[in-house]
Amino acid sequence: MEKEIKINFEVIPSYQELNDIEKTLFDKAKSIREQAYATYSNFWVGCAILLENGEIITGNNQENAAYPSGLCAERTTIFWASANYPDIKIKKLFVIGAPKDAITSVAIPPCGGCRQAILEYEAKQKDAIEIYFASLDGEIMKSKSIRDLLPFSFDSSFL
Ligand code: THU
């Protein structure tokens, strides 16, 4: 029997349509992207996370000569947020990635490993995290929960 899974997401066609806090997250993800340490791939990614207390945490991808030892922007940022604010919920995660010298780009979604890591914190805080991923010039995709980007997910309920 063939079945179908439906996922929900929103396309926000331009920066102007974001609200103030979303604009701030966009701006911060874009500017921290410029400080990525991505010397091997030259693919620069920035991430901004909004906490429930209003604080914004930023991070970027960190690469390594031993390639698998590097880490994506989303995980760099969310691990730091959880390490420093273990009891404060994460409300939104905004990511912008593009090749180093790109002027325009497409919205790049979090990789599979990052989706799994984000799911862990949704489960931990028992509340959804809104995910945004955007192009440099401001086309934005938005999901209400990482679960929309990770169908058939594995979590602690299986353990
Ligand atoms: N990267 C991220 O930071 N986030 C993603 O979701 C996709 C990939 C980084 C990892 C690596 O430093 C570079 O982009 C190329 O894969």
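Atoms within a ligand are numbered from 1 in the order they appear, just like the ligands themselves. All values derive from a computational prediction rather than experimental measurement. All values below were derived from every heavy atom in this structure, side-chain atoms included, with hydrogens, water molecules and symmetry-related copies excluded.
- Taking every non-hydrogen atom of Cys72 and a distance limit under 4.0 Å, the qualifying atoms of ligand 1 come out as 1 (N), 2 (C), 3 (O), 4 (N), 5 (C), 8 (C), 10 (C).
- Close contacts between ligand 1 and Glu74 involve ligand atoms 2 (C), 3 (O), 4 (N), 5 (C), 6 (O) [criterion: under 4.0 Å to a heavy atom].
- The backbone N or O of Leu119 sits nowhere less than 3.5 Å from a side-chain atom of Asp155 that would complete a donor-acceptor pair.
- For the residue pair Ser135 / Asp137, a side-chain donor-acceptor distance below 3.5 Å is found, with atom types taken as modelled.
- In this structure, Asn8 and Lys144 have side chains that are not in contact, with every pair of non-hydrogen atoms separated by 4.5 Å or more.
- Nearest to atom 7 (C) of ligand 1 among the protein's heavy atoms is Cys111 CB, 4.0 Å.
- Among all non-hydrogen protein atoms, the one lying nearest atom 9 (C) of ligand 1 is Asn61 ND2, 3.5 Å.
- With hydrogens and angles ignored, the 3.5 Å screen pairs no side-chain donor or acceptor of Asn42 with any backbone N or O of Lys100.
- Note that atom 16 (O) of ligand 1 has no protein non-hydrogen atoms nearby, at separations under 4.0 angstrom.
- Proximity of a side-chain donor or acceptor of Glu130 to a complementary backbone N or O of Lys92 within less than 3.5 Å is not detected.
- A donor-acceptor pair under 3.5 Å is absent between the side-chain atoms of Arg115 and the main chain of Ile146, judged by distance alone.
- In this structure, Pro110 counts as a contact residue of ligand 1, since one of its heavy atoms falls inside 4.0 Å of the ligand.
- Note: no N/O pair closer than 3.5 Å links Val45 and ligand 1 by distance alone.
- Looking at Ile57, Ile96, Ile56 one by one, the single match for side-chain contact (heavy atoms from CB on, under 4.5 Å) with Lys28 turns out to be Ile56.
- Of all atoms in ligand 1, listed by their number and element, those nearer than 4.0 Å to a heavy atom of Ser41 are 13 (C), 15 (C).
- Listed by number with element, the atoms of ligand 1 under 4.0 angstrom from any heavy atom of Ala73 are 2 (C), 3 (O).
- Of all the atoms in ligand 1, the ones that sit under 4.0 Å from a non-hydrogen atom of Glu63 are 11 (C), 12 (O), 13 (C).
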